[in-house]
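Here's the structure, in structure tokens; my notes come after.
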Amino acid sequence: MKINSVEFSFKKLTEKMGKSSKVAFVTAFVVALISHMSILLSDVPNHDGLASIYFDQNMITSGRWFLEISAGISSFYSLPWLIGILSIFYLSLTAAVIVNIFDINNSLFAALCAAVLVTFPTLAGNFAYVFTMDGYMLGLLLCVLSVYMVKPSKNPGKFSWVIGAVLLGFGMGTYQAYLSVAILLCFFLAVNVLLEENKALDKAKNILRFVLMGAGGLVVYYVMLRVLLLIQGRELATYQGINGMTSANKTGILSTVKLMYADFLNFTLKSKVVVPNAFSAVSFFVILLLAIVLLVIKAYQRGYFKKVLFYVFTLVLAVLIPCLTNAILLISSDVTYHVLMRYQWVIFIVFALSVISKSVSLEEGNLSNIICWVTLVCTVVLSFTYLVTDNIAYSNLNKKYEKTYAYCVRLADRIEQTPGYYQGIPIAMVGVVGQDNFPTTDITGDVTGGLIGVSGDYLLYKGENYADFFKHYLGITINVLPEDYVVEFYDSPLYASMASFPDAGSTVVSDGILYIKTENVR
């Protein structure tokens, strides 16, 4: 068997990518560096990052059985620059594959899609959780590649859906939420299939591949999860209701569907993640409106308006959109959406851009040029707004770290000056940070309110956070007691008599325990 040279293999690979995919990859890499460079050059954790300076990423009890491998490529240490570059590389490949999936052959539109894909504000949340960022981005790439394997225009092989199912299973094994990205990609590909002038049987076969790949991916994910749980002798955790993902929906299917619709509209219109300000809102809806109008024109030209079945399909597809976007709720009805689970919203923008790119390439003329210019301006405004939002988030995360550092230095000094203190004394942290005792200086809440992990004033949310921050950033070891113990202290006379930090009397040693009251919680 002849083994091709590295140069020849690389040349064949780049040729297969196509010009638009190359443009998307390069644009994505450059724009991502510009957008996220500030966080890559910093080493500031968020609240979860305090305990993840070194983290083995074994999250199998949360259903993420492949995360240990996907995130382990960069080691289990929190290395912002290395993890960030790997993440951007995976993200750039994802952009190139998505452009290929939607058959975007116009280099300008490929670049626009790439810019939106790498600046979308949910990524600011990902970068805030930098210790696991590269694993998640690899999981996203695997889910997107699974759809590429069943792309109709690729002329997939008879069993290519099997490869797609394996990729999807491993992608979900890294982070289950990216299932929604794959679902939306398949959904929009199905829309393209239905609009094509192919035979009904060919359309059915293409859509069947999507279904087989998706169902197969779920089977791969679940079988691997159960096997690995059995090998490790562990059980699924209760976090986000993951332990009940195969049980009956507790709230009922109708209640879940209502929740899907309410959440979809609320996040799209009110979260200030999809549309951070008025400029981005106008740009976002202009792009969507242009795509919808062009789809309607295409349907009219094909004579679909004369067919009753067209109206049925259109209604069904419109009704399905919120449900498919929030498909994770069907797997776990108790899930509370984290911003990291919202990346699929960007697919709507990319699909709209793909529709516009194909429509304007059909003919040259003033109308086509006007549409291109409007789309260019709107997408640039949208991407730039997203870039600004990302950096506002990173700026506040840095300030959170600085304020937490200053706060903990003051607290450490007070602890060591408390009569009866000795190294290793059990410490009961009562409260977190007293908001009444310190000014609220986070002025980014209106922008970062929907971006969990980067909003707020401090990195401290529980006693364990203090222990981790003292250890990793101050070089001080403190023996913090479990929260269960502290709850019993709230009703004691000593608690009522203590002041809140930084007032005098906020630290007291009693019965061999150092109590620190940081806020009034009762």
Side-chain angles (χ1 to χ4, degrees), residues 20 23-24 26-39 88 91-92 94-95 98-99 102 104 106-127 188 265 267-295 339 342-361 366-396 444-451 454:
S20 295
V23 169
V26 173
T27 303
F29 202 92
V30 172
V31 174
L33 275 179
I34 295 172
S35 301
H36 308 293
M37 180 70 77
S38 62
I39 197 68
I88 289 174
L91 194 56
S92 300
T94 299
I98 289 177
V99 163
F102 283 125
I104 300 174
N106 185 309
S107 295
L108 170 63
F109 281 87
L112 294 177
C113 288
V116 171
L117 284 165
V118 300
T119 56
F120 196 62
T122 62
L123 291 173
N126 281 106
F127 274 100
F188 287 125
L265 293 174
F267 183 77
T268 303
L269 303 175
K270 296 181 180 180
S271 68
K272 295 200 172 181
V273 175
V274 181
V275 284
N277 56 31
F279 296 107
S280 60
V282 171
S283 299
F284 177 77
F285 288 110
V286 166
I287 292 170
L288 290 188
L289 183 61
L290 274 175
I292 292 171
V293 169
L294 292 170
L295 281 174
V339 69
R342 304 283 193 174
Y343 187 71
Q344 60 268 30
W345 263 261
V346 77
I347 303 300
F348 290 101
I349 304 171
V350 175
F351 175 69
L353 290 173
S354 74
V355 170
I356 297 170
S357 70
K358 292 172 186 175
S359 301
V360 297
S361 63
N366 288 335
L367 181 58
S368 180
N369 291 335
I370 290 172
I371 292 174
C372 280
W373 276 109
V374 170
T375 306
L376 172 64
V377 171
C378 287
T379 309
V380 168
V381 169
L382 196 59
S383 299
F384 182 73
T385 304
Y386 289 163
L387 182 152
V388 172
T389 300
D390 294 338
N391 282 274
I392 290 172
Y394 299 148
S395 175
N396 190 64
T444 69
D446 193 44
V447 179
T448 62
L451 301 176
V454 295

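Since we're looking at a predicted model, the values are computed, not measured.
Ring geometry for Y394 versus F127: interplanar angle over 60°, hence perpendicular rather than tilted (30 to 60°).
The side chain to side chain contact (heavy atoms under 4.5 Å, CB included) test with S35 singles out one residue from I88, V30, L387, V388, and that residue is L387.
Counting only heavy atoms from C-beta outward, the side chains of N106 and S20 never approach each other to under 4.5 Å. No side-chain heavy atom of V454 sits less than 4.5 Å from a side-chain heavy atom of N396. Annotation: side chain of V360 is in contact with side chain of F109 (closest heavy-atom distance under 4.5 Å).
Ring pair F267/W345: centre-to-centre distance below 6.0 Å.
Note that CG of N126 is 12.0 Å distant from CD1 of I39, once rounded to the nearest 0.5 Å. Note: L295 CG to S359 OG = 7.0 Å, rounded to the nearest 0.5 Å. Considering SG of C113 and CD1 of I98, their distance stands at 9.0 Å, rounded to 0.5 Å. Annotation: the span from S354 atom OG to I349 atom CD1 amounts to 12.0 Å, rounded to 0.5 Å.
A distance-only check finds a donor-acceptor pair linking the side chain of S92 to the backbone of F29 [under 3.5 Å]. Here the side chain of H36 pairs a donor or acceptor atom with the backbone of V118 at under 3.5 angstrom. Between the S395 side chain and the I392 main chain, no donor and acceptor come within less than 3.5 Å of each other. A distance-only check finds no donor-acceptor pair linking the side chain of K358 to the backbone of L353 [under 3.5 Å].
Closest non-hydrogen pair, V339 versus G125, comes out as CG1-CA, 4.2 Å. For the residue pair S357 and I104, the shortest heavy atom distance occurs at OG-CG2, 4.0 Å. Considering all non-hydrogen atoms of both residues, V99 and A24 come closest at CG2-CB, 3.6 Å. The two residues L123 and L117 make their nearest non-hydrogen contact at CD1-O, 3.3 Å. Nearest heavy-atom pair, A95 versus A28, reported as atom, atom and distance to 0.1 Å: CB-CB, 3.9 Å.
Contacts classified as side chain to side chain donor-acceptor pair (under 3.5 Å) and involving residues 373-391 (residues at least two apart or in different chains) are given here: S38-N391.
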For residues 273-290, run the donor-acceptor check on the side chains, cut-off 3.5 Å, and write out each pair with its distance to 0.1 Å, sequence neighbours left out.
residue	atom	partner	partner atom	Å
N277	OD1	F279	N	3.2
N277	OD1	S280	N	2.8
N277	OD1	S280	OG	3.1
S280	OG	N277	N	3.0
S280	OG	N277	O	2.8
S283	OG	F279	O	2.9

